[in-house]
Asks: 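This structure is in structure tokens; I'll ask about it shortly.
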Amino acid sequence: MFIRLFIETFMIIIVMVGIGQLIDGVAQRFRHH
Amino acid sequence: MKTGILIAVFLYQFIIIFGVGFYLSKKEKLKEEQGGFALAGRGMGAVALPITMAFSVLGTAHILGVFEMTFSMGTIAIWFSLAHTVLLVVACLTTGRWVRRMGITTVPEALKGMYGPGISLVIACVMAGEIWGILTLETQGIGIIVATMTGWSISHAAILGGFLGLFYVILAGMKEVGIINVINAVIKYGGLILATVFIALVLPGGNFNTVKDYYMADPSQHFMLNVFGTPELFLAIAVGNIIAVTFCQGISQQLMQVCMAAKNEKIIKYGLWIAAPVNGMFGVFAVVLGLTAKSLPEYASAGAKMAATNMLVEMLPLWLSALLLAAFVASILSTFAMTLLTPATIFAMDIYKGLFKQDASEKQVSTVIRIVMVVLVAFAMMIAAYLPPIIGAINWLFSWLIPVFWLFVMGLFWKRNRTVAAVTLAVSWILNLLWSFSSIPGSIGGVIGGLPNAYVTLFATLVILVIGNLLCKGEPGYFQLKNKAA
């Protein structure tokens, strides 16, 4: 139970951070054009 | 718990806080930097910055609030922590970098340039009041945790915690907070991990399988183990928390002051990879401990508020209870310090320097910040004795800053109209008050009547701001102006 919740939470955090960085990267590229 | 252990926990904090504080205050006296006290001379680096960001918004609600929510709603309570991950994504990639780029010391200072001094002053007062409200809850939290784990009285523990919190920041300001946070990070996670492992080892089978079996045995309890809960819970708890936490703390001085203290924008952007897991993973331990307490009848009978802390006190050996108490106290103190420093900075910069003494030196500003912190902590100790409910109070407090977040974002990128801004603030604040202190939500009933304050203030803010900006003329967004000038 603990390990599953640990992994699920960690994955959700990484996905959130990744999506954030991705949107930021696209926005930066869009601004430079 | 024996008094000796309690003394050891507080002595540890005392030595760390005074050691770092006195060392830095002596060192800092040699160089009078711009923004030295409030903003660590804008020199916070790649380790202290993300850890301070993570711990500035991790306090009582992450521990007591999540224990309580888990008891009644299950694993969905993890979304209180995950809402802070969304907040840190937004702050590290947008608002935090923007306030650092603007070179300001307080958020109202930015709004002064965008909407004029009147609106900025009103926002300064509301923001300082909102953060001080959180300070009263942190004072209460430290009192409750120490009291339940040691048998000490809540008011005595709150006063002792208040003094420690004051010295966490008063000697050397933001730089002191940053260094103590990095040292305490080890204690916080070390205590939590060891306590969770120990609880697992003393359960039958030496793991959490019996806890899982308890919830699996009853089909109506299956949702308690699901990180996404039920659709209704997800809407009310997960989405509700994301809205309240992100749009309030995403502009609150409590987190923005840390970003303003960064060495540069890049450290904020890449610091996200440290800040987000450090804050977000804390919830895993709180949720697992909360679920375990509910599955054990001898602790479940104590109810949502007390089950988890009672379990920890009774199941852990003395040394580990002491370590966990040190971890909880350190977590609350880090937020406590920031909720003390930031309203004092707003008062010193936006009211004392902004209205009364525009030529005030850095030393005079630091002195005013220190005096205001002493006054604020004294009032917080008095209010904490009345024990307002933590989660309900946080929901109401957070909703005050939701219109400020959108005024800031739209004022940077779209349009600025002072009348529209004033109407947005007035309507959403009145709605927030009515939603908490009148019978209106009850008489509306249904899904809408049950929505948290954050939904109501967000809806009012977006409708008035968008329609108002479309219909009324206004000055172009602040960054648009800057781009044109460049």
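This one's a predicted model, so the numbers in the text were calculated from it and none came from an experiment. Reminder, nothing fancy here: chain letters follow the sequence lines and each chain counts from 1.
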Asks: Can you list the residues of residues 213-229 of chain B that sit under 4.5 Å from chain A, counting heavy atoms only?
Replies: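 Expected list: B:Leu225, B:Val227, B:Phe228.
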
Asks: Chain B heavy atoms under 4.5 Å from A:Ile12: which part of the residue, side chain, backbone, both or neither?
Replies: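 Contact with chain B is through the side chain of A:Ile12 alone.
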
Asks: Which heavy atom of A:Met16 sits nearest a heavy atom of B:Trp79, and at what distance?
Replies: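 Between these two residues, the closest heavy atoms are CE-CZ3, 3.7 Å.
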
Asks: Near B:Tyr270 OH, under 6.0 Å, is it more than 12 heavy atoms from other residues, nucleotides or ligands?
Replies: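 No, OH of B:Tyr270 has 12 or fewer neighbouring heavy atoms, counting only those of other groups under 6.0 Å.
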
Asks: With A:Ile13 as reference, evaluate B:Asn279, B:Val86, B:Leu82, B:Val89 under the side-chain contact (heavy atoms from CB on, under 4.5 Å) test and give the passing residue.
Replies: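 By the side-chain contact (heavy atoms from CB on, under 4.5 Å) criterion, A:Ile13 pairs with just one of B:Asn279, B:Val86, B:Leu82, B:Val89: B:Leu82.
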
Asks: Under 4.5 Å heavy-atom distance to chain A, tell me which part of B:Leu291 shows up: side chain, backbone, both or neither.
Replies: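 Side chain of B:Leu291 only, per the 4.5 Å heavy-atom cut-off to chain A.
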
Asks: How far does CZ of A:Phe6 sit from CZ of B:Phe285, to the nearest 0.5 angstrom?
Replies: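 So the CZ of A:Phe6 and the CZ of B:Phe285 are separated by 5.5 Å.
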
Asks: So what's closer than 4.5 Å to chain A heavy atoms on B:Thr196: side chain, backbone, both or neither?
Replies: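 For B:Thr196, the side chain is the part near chain A, not the backbone.
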
Asks: Just wondering, are more than 12 heavy atoms of other shown residues or ligands nearer than 6.0 Å to CZ in A:Phe10?
Replies: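 Open.
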
Asks: So do A:Leu5 and B:Phe208 actually touch side chain to side chain, heavy atoms under 4.5 Å?
Replies: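 No, side chains not in contact.
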
Asks: Between B:Thr75, B:Val211, B:Thr85, who has the most heavy-atom pairs with chain A when the cutoff is under 4.5 Å?
Replies: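 Heavy-atom pairs under 4.5 Å are most numerous for B:Thr85.
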
Asks: Do B:Lys269 and A:Gln21 have side-chain heavy atoms sitting under 4.5 Å apart?
Replies: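 Heavy-atom side-chain distance check passes, below 4.5 Å.
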
Asks: Atom CD1 of residue position B:Ile193 - does it have more than 12 heavy atoms of other residues, nucleotides or ligands inside 6.0 Å?
Replies: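 Yes, enclosed.
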
Asks: Looking at every heavy atom in both B:Gly280 and A:Thr9, which two are closest together, and how far apart are they?
Replies: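 Heavy-atom minimum between the residues: O-CG2, 4.2 Å.
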
Asks: Closest approach of A:Val17 and B:Ala276, non-hydrogen atoms and distance?
Replies: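 Result for this residue pair: CG2-CB, 3.6 Å.
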
Asks: Find out whether A:Met1 and B:Asn209 are in side-chain contact, i.e. whether some heavy atom of one side chain is under 4.5 Å from a heavy atom of the other.
Replies: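 No, every pair of side-chain atoms sits at 4.5 Å or beyond.
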
